Amino acid sequence: MNDENYFYEAKKPGSVLIISAILVALFVVWGAVSPKSLNTQANDALGWMIENFGWFYMLITAFFVLFVIVLAISPYGKLRLGKQEDRPEYSWYSWIGMLFAAGIGVGFVFWGVAEPVLYYLDPPDGYSPSTRESAIAGLRYGVYHWSLHPWAIFSIVGLTLAYVQFRKDKPALISSAFYPLIGNRVEGSLGKAIDILAVLATCTGVATTFGLSAMQITGGLSYISNIPNTAWTQIIIIAIVTVLFITSAAKGVNKGIKVLSNINLAVAALLLIFVIVVGPTLFIAESFVTTLGGYISNVVPMSLTMTPFSESEWLGTNTIFFWAWHISWAPFMGMFIARISRGRTIREFMAGVLIVPSTLALVWFTTFGGTALNLEMNGPGGIGELVTGEVEIALFATLGELPLSAITNIISVILILIFFITSADSASYVLGAMTSRGSLEPLLSVKVLWGFLIAGTASVLLLSGGGGLSALQTASIIAALPFAIIMSIMIISLFVMFGKDWKAEKQRRQENQFASVKEEIREEFLDEMKEEMYLEVKDDLYEEIKDEMKEEILDEVETQPHQKRTK
């Protein structure tokens, strides 16, 4: 098979695309025909899962955080995501921008105001509602749900896929991560089952993001204009975004997602700085310090605390809900992070994927959430009532209480719109790669197909009513359970690869060091040999010259008496 045919075969969709697309379509039909049935079944399954596996989500997510921190500071941190000569393809700024805009930015914008205020009104077990303590806990738990833990989840999948793609030359598939454990069986039915599960988890998670983005855009438009906040308006927004993201997808990662991500990071930074400057600056600064201190001192208790002695459902409907939702995003986020991280060391990768987004989460939530809490507790109020009623307009209501609200609300709509486009673009790329035998350049037609499937899924469920979007969100959480188990096995696979490669790397360094020492000794030996030969030749030449001079002197002495006698 020549290179051109091989390239075509690598990009050609396979059975994973057919099976997963059919399953997604059936799910959409179910939601469209009988949304109440879907909602009931999904909620029953969710309740069973949280009751029986809530402890597992809490424990495994805490383990993920511990694992990535230990990995970053271990000797394995020096290994590179690629060959030894590979270097990063994207600048640090572009890389961080794409990480932020790939999908998690939507969560920041949507929940940055909503979560702290919701937890202020409905706090965790042990806190009284609408108190100073519940406000502090609200900010702390908002940061807790969007900082280290979700990014530890994303980084494990991203690290594994980047390593097997760029160092082991395996296709960009979730199943490729298991090659060290099951060998060539990843190419069979077991590998395809893993990939289909990853595709389904990605579809449900991303379609939920589509719905949230559409809801927030229409909520913002309805707040600043007479445009109604209805399901049909949301469908129109999804249709417009679909056209825009297809345009971006046609340009590829370098010209599409990269450019939009850089623009979005700048717009988000400007909005953030504006709120810090014109908002309650001192309150935000104090909230930042308090939340940071509270997070550092409470992250372990929060990560390992359940409520077996109370009937509180708060943990299940909030923390466990978010952990499962983040795990359902992991195939999508992980594969996209892997695609843009070639050439970086594991330590550099972990620093970028863990520290920077976690810091952004802390700053974002304390700025926007802190401002909303200040308005609710010390200002005109009303934010809490809006959040519990229409959560999607919480950001716009908060900005509405600050100067230049007409401008900032428009900027916020643009920000969410670009986030929406980059999320759709990233998702279509990832799903295209996952269903095209791991090709890093999937066909545009495949990316467009997945874009329409996701948009259609979100649209049908928004129209279906009866908790359609909620059912989809619940389904994404249920799909996360088997993928959490897959991630646990993925860590074992990582250790197998790292162990072998670190040993080989260590042996290579020893061989290079031995060769260097050998060369140094060789040079020293040559220098010594040259010195000895020089001295030996010098002595020989000295003796030879000495003998010649003796002969010349003797000849001269012998000729002088003869000359005298002649005279």
Side-chain angles (χ1 to χ4, degrees), residues 50 54-55 57-58 61-62 65 107-108 110-150 272 275-276 279-323 325-326 358-389 391 394-395 397-398 401-402:
I50 290 176
W55 65 270
Y57 276 116
M58 295 293 289
T61 309
V65 175
F108 279 27
F110 193 93
W111 295 106
V113 170
E115 265 199 85
V117 176
L118 283 173
Y119 301 158
Y120 166 70
L121 300 174
D122 179 22
D125 195 35
Y127 294 90
S128 299
S130 304
T131 61
R132 175 184 174 275
E133 290 73 22
S134 67
I136 294 172
L139 279 176
R140 185 171 70 244
Y141 271 89
V143 172
Y144 168 59
H145 290 156
W146 292 92
S147 54
L148 280 179
H149 287 69
L272 179 69
V275 175
I276 292 174
T281 308
L282 182 60
F283 186 87
I284 292 171
E286 292 176 346
S287 297
F288 176 86
V289 174
T290 303
T291 304
L292 176 61
Y295 178 77
I296 292 173
S297 59
N298 288 283
V299 64
V300 174
M302 286 191 298
S303 301
L304 299 174
T305 296
M306 298 289 289
T307 53
F309 303 105
S310 70
E311 297 298 321
S312 174
E313 297 180 355
W314 192 93
L315 200 65
T317 56
N318 291 281
T319 300
I320 295 173
F321 175 91
F322 277 110
W323 289 175
W325 194 16
H326 293 321
S358 296
T359 305
L360 284 173
L362 177 65
V363 174
W364 190 276
F365 274 77
T366 52
T367 298
F368 288 91
T371 300
L373 284 171
N374 184 61
L375 291 170
E376 179 68 17
M377 298 171 69
N378 306 317
I383 302 294
E385 185 179 350
L386 283 172
V387 169
T388 54
V391 66
L395 171 64
T398 301
E401 299 296 331
L402 301 177

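Predicted model only: the values in this text are computed from it and were never measured. When reading the values below, keep in mind they use all heavy atoms of this one structure, side chains included, and skip hydrogens, waters and symmetry mates.
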Taking all non-hydrogen atoms of both residues, which atom of [X] and which atom of [Y] are closest, and how far apart?
{"X": "Leu402", "Y": "Gly279", "result": "CD2-CA, 4.0 Å"}
{"X": "Met377", "Y": "Ala135", "result": "SD-CB, 3.7 Å"}
{"X": "Gly369", "Y": "Pro116", "result": "CA-CG, 3.8 Å"}
{"X": "Leu139", "Y": "Phe365", "result": "CD2-O, 3.5 Å"}
{"X": "His326", "Y": "Pro150", "result": "CD2-CB, 3.4 Å"}
{"X": "Trp364", "Y": "Phe108", "result": "NE1-O, 3.2 Å"}

Applying side chain to side chain donor-acceptor pair (under 3.5 Å), name anything that partners [X], two or more places apart in sequence or on another chain.
{"X": "Thr319", "result": "His145"}
{"X": "Thr281", "result": "none"}
{"X": "Asn318", "result": "Tyr119"}

**Minimum side-chain heavy-atom gap Leu315-Pro124 below 4.5 Å** =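 Sidechains of Pro124 and Leu315: no contact.
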Look up atom [atom1] in [X] and atom [atom2] in [Y], then write down how far apart they are to the nearest 0.5 Å.
{"X": "Glu376", "Y": "Leu121", "atom1": "CD", "atom2": "CG", "answer": "6.0 Å"}
{"X": "Leu395", "Y": "Phe110", "atom1": "CG", "atom2": "CZ", "answer": "10.5 Å"}
{"X": "Met302", "Y": "Tyr295", "atom1": "CE", "atom2": "OH", "answer": "6.5 Å"}
{"X": "Arg132", "Y": "Tyr127", "atom1": "CZ", "atom2": "OH", "answer": "11.0 Å"}
{"X": "Ile320", "Y": "Trp314", "atom1": "CD1", "atom2": "CH2", "answer": "10.5 Å"}

Side chain to side chain contact (heavy atoms under 4.5 Å, CB included) partners for [X], two or more places apart:
{"X": "Ser297", "result": "none"}
{"X": "Ser358", "result": "Ser147, Leu148"}
{"X": "Ala372", "result": "Val113, Val117, Ile383, Thr398"}
{"X": "Pro380", "result": "Leu375, Glu401"}

Would you tabulate the side-chain donor-acceptor contacts of residues 284-293 under 3.5 Å, counting partners in other chains and residues two or more places apart, or write 'none'?
| from | atom 1 | to | atom 2 | distance (Å) |
| --- | --- | --- | --- | --- |
| Ser287 | OG | Phe283 | O | 2.8 |
| Thr290 | OG1 | Glu286 | O | 2.8 |
| Thr291 | OG1 | Ser287 | O | 2.6 |

**Message:** Test of understanding: with ring-ring contact (aromatic ring centres under 6.0 Å, His included), list the residues that count as partners of Tyr120, not counting sequence neighbours.
**Reply:**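 For Tyr120, no residue satisfies ring-ring contact (aromatic ring centres under 6.0 Å, His included) once neighbours in sequence are set aside.
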**Request:** Return the set of residues passing ring-ring contact (aromatic ring centres under 6.0 Å, His included) with Tyr144 (not counting sequence neighbours), or none when no residue passes.
**Result:**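 If we apply the ring-ring contact (aromatic ring centres under 6.0 Å, His included) test to Tyr144, skipping adjacent residues, the hits are Tyr141, His149, Trp323.
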**Message:** Here's a test for you: under side chain to side chain contact (heavy atoms under 4.5 Å, CB included), which of Ile276, Val363, Leu272 qualifies with Phe368?
**Reply:**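 For Phe368, the side chain to side chain contact (heavy atoms under 4.5 Å, CB included) check succeeds only for Leu272.
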